[in-house]
Amino acid sequence: MANQKIKHRLAKDKLMLWTICIFATLTAVPLFAILGEVLLRGYSQLSWSFFTEPTPTAYKAMKAIEAGEPIPGGIANGIVGTMIILSMAVVVAVPVGILCGTFLAENRKKRFAKIVSYLTDLVQGIPSVIIGIITYIWIVVPMKGYSAIAGSVALCIMMLPLIIRSTEETLKILPASLKEAGLALGGNKARVMMKVQLPAAFGGIFTGVLLAISRVIGETAPLMFTALGCSFIRWSINKPISAVPLLIWEFFNDPHLQELIWGASLFLLIFVLTLNLTAKYLAKKWNQ
Amino acid sequence: MESIIPILEFKKTCVSYTKQTMAVKYVSAAIERNTITAIMGPSGCGKSTLLRAVNLMHNLYSNIRVDGEILLNGENILLMEPIDVRRRVGMVFQRPAPFPTMSIYDNVLAGFALNGIHLSKSKKDEIVESNLKNVVLWDEVKDVLNKKGTFLSGGQQQRLCIARALAMKPDILLMDEPTSALDPIATKRIEELLLELQKKVTILVVTHNMGQAKRISSRSMFMYLGELVEYGDTETMFSNPEHERTKAYLIGKIG
Ligand SMILES: Nc1ncnc2c1ncn2[C@@H]1O[C@H](COP(=O)(O)OP(=O)(O)O)[C@@H](O)[C@H]1O
Ligand SMILES: [Mg+2]
């Protein structure tokens, strides 16, 4: 009797396990399907010049296609643009985000902190296209032109909530004894934060920054309103500038350049996946 | 004059976490210089709460009220700047808490860094060496000073934390069950260390291990439900307790 019951239970356990395995596999299918598709289509385009040369003109591309040669040029203008836009966004978003997250973690019970925390959640939910159009009104119109600066403002707004949250959450899960031990030695709150709490939270915050970068690096809509695009490598921050996701959109719209879509996509995908994996790895290492 | 004023004196000290209840009720006691004073009592009787009042840890939480007076060398600390008080009152916590991102070397010097005090390299070396020798840790760690403090064993970590507190040359060292997370051998070493250290610093130690109180303290407090029931020489208290409650606790009937 009892034996029967146990057998029945074990069978149920097994069934559950199999169901879970099947669903887990199913969720992985899209990821591998996407990776495979982009890899198959894109890998043949990757070459040294793909990363060092700017986008070819439609005319050059047309000539190459007519001659049956591979399309010359690459996405260097996009890579340079993405790096410029992104580094300016990071330079502002990281310190501001950490400061704001620190404030929220340290003043949990204050009304003002609760409001800011709520607003942070709201900003995180704003569709990126709206952030794009708002930045257009706020930056592009007064500056009388599209620019890398405007692009980085848009990405900065999108990164801030993520960095604020990860800072706040990481500081909150640190044991209270750490802060108390610092204060018990006579340190003031700011020094204990700088020398004890923030260093201890570094892993979590860094992970948050990486995730924020990987979240915005593929954003296209906000850059359409702000950075616009540029067909050659440009280093100035107050002129229209290119970015990798913008290039993918441009390639898609130009029949002569469509071959370049997949190389650019593969580059972007690998970049984002690497950032994500690094972030996961660091988070895991930190939690040990 | 100096000798008449006790190093630390509680005067009708009360601490409450909520409006309705008091966790420490009207405690009055004078602590003697260069002794180890043990605070005993069953779990939840207010030992930690009383101890944490001495370095103004309660100031960190807006809901906690501290009333009465706590005099440090005759000066009421409740009216002083927390930072000034904490520099003169060291604290060692129940769980060893070396700063995880700092090396052993930097952990010893953490108090200076946190107070914004800059020291020359030779002065730093001197402080690290003398304080690690004070806690009998120097020989074990002198070759790994640049490793993280968290690599050490629990007992070593706790001695590192004591060294970190002593480096600031406090008048008083507060310890909240400093050995409860340690094995018997590490506990014994810390106890021997405290007996040695009392020559330099006054120690106030919370323990719910009666054997420990008996072994190391010369004076003992017995607390019950937030009140200080009995305070006196440890030997007298253990051999001839004045109050029924103390007696019941000591023979294991409560707690
Ligand atoms: N942070 C807190 N908030 C509210 N009540 C607390 C807090 N800490 C301790 N208490 C209460 O105060 C009393 C004394 O606690 P504590 O001083 O930690 O006791 P002990 O250290 O003797 O075990 C207990 O009743 C406990 O529940
Ligand atoms: Mg306690």
Side-chain angles (χ1 to χ4, degrees), chain A residues 94 98 101-115 117 166-209 281-288, chain B residues 48 51-52 54-63 80-103 106-117 148-150 157-158 160-161 163-170 172-176 181:
Chain A
V94 168
I98 290 179
T102 305
F103 170 78
L104 294 185
E106 286 295 301
N107 299 282
R108 285 165 225 189
K109 287 186 188 141
K110 289 217 181 104
R111 176 94 159 269
F112 181 62
K114 279 181 187 160
I115 295 173
S117 180
S166 63
T167 305
E168 185 190 353
E169 297 304 327
T170 317
L171 286 175
K172 274 186 180 171
I173 58 170
L174 291 181
S177 59
L178 211 57
K179 178 181 168 187
E180 289 188 352
L183 292 166
L185 284 167
N188 63 28
K189 279 190 177 175
R191 285 216 187 88
V192 173
M193 180 52 75
M194 288 302 293
K195 302 206 158 150
V196 176
Q197 290 165 274
L198 281 179
F202 176 80
I205 297 173
F206 192 67
T207 305
V209 171
Y281 170 77
L282 285 178
K284 201 172 129 197
K285 210 175 146 191
W286 211 257
N287 285 336
Q288 276 168 2
Chain B
S48 301
L51 195 76
R52 289 163 61 87
V54 180
N55 70 343
L56 299 180
M57 271 295 135
H58 296 314
N59 285 26
L60 301 178
Y61 306 93
S62 55
N63 57 315
M80 288 164 65
E81 275 298 313
I83 288 177
D84 296 332
V85 174
R86 292 179 194 141
R87 274 180 209 171
R88 292 162 60 185
V89 181
M91 181 149 194
V92 174
F93 295 81
Q94 185 168 2
R95 295 217 147 268
F99 298 126
T101 55
M102 292 187 196
S103 64
D106 288 336
N107 258 289
V108 179
L109 296 167
F112 296 94
L114 288 169
N115 281 294
I117 300 169
K148 297 266 183 289
T150 38
Q157 288 189 21
Q158 198 60 301
L160 176 60
C161 291
R164 182 177 72 186
L166 290 178
M168 299 310 290
K169 298 211 177 305
I172 296 194
L173 189 59
L174 309 174
M175 310 183 97
D176 193 349

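Atom set for the values below is all heavy atoms of this structure, side chains included, hydrogens, waters and symmetry mates excluded. Every chain is numbered from 1, with letters handed out A, B, ... down the list of sequences.
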B:Met80 side chain reached by B:Arg88 side chain, heavy atoms, under 4.5 Å: yes
Chain A contact via B:Val89 - which portion, at a heavy-atom distance below 4.5 Å: backbone
Contact class of B:Ile83 relative to chain A, heavy atoms under 4.5 angstrom: both
Salt bridge B:Arg52-A:Glu180, side-chain N to carboxylate O under 4.0 Å: yes
Closest non-hydrogen atom pair between A:Lys179 and A:Val192, with its separation: O-CG1, 3.9 Å
Option that, when pairs with chain A are counted at under 4.5 Å, heavy atom only, ranks first among B:Pro170, B:Pro98, B:Gly116, B:Ala97: B:Gly116
Option in B:Met91, B:Met168, B:Arg87, B:Met57 with maximal non-hydrogen atom pairs under 4.5 Å from chain A: B:Met57
Worked check of side chain to side chain contact (heavy atoms under 4.5 Å, CB included) between B:Arg86 and B:Asn59: CA-CA 12 Å; B:Arg86 292 179 194 141; B:Asn59 285 26; 4.1 Å; yes
Option in B:Arg164, B:Glu81, B:Gln94 with maximal non-hydrogen atom pairs under 4.5 Å from chain A: B:Arg164
Which portion of B:Asn115 sits near chain A, non-hydrogen atoms under 4.5 angstrom: both
Residue pair A:Ile173, A:Glu169: steps toward the side chain to side chain contact (heavy atoms under 4.5 Å, CB included) verdict: CA-CA 6 Å; A:Ile173 58 170; A:Glu169 297 304 327; 5.7 Å; no
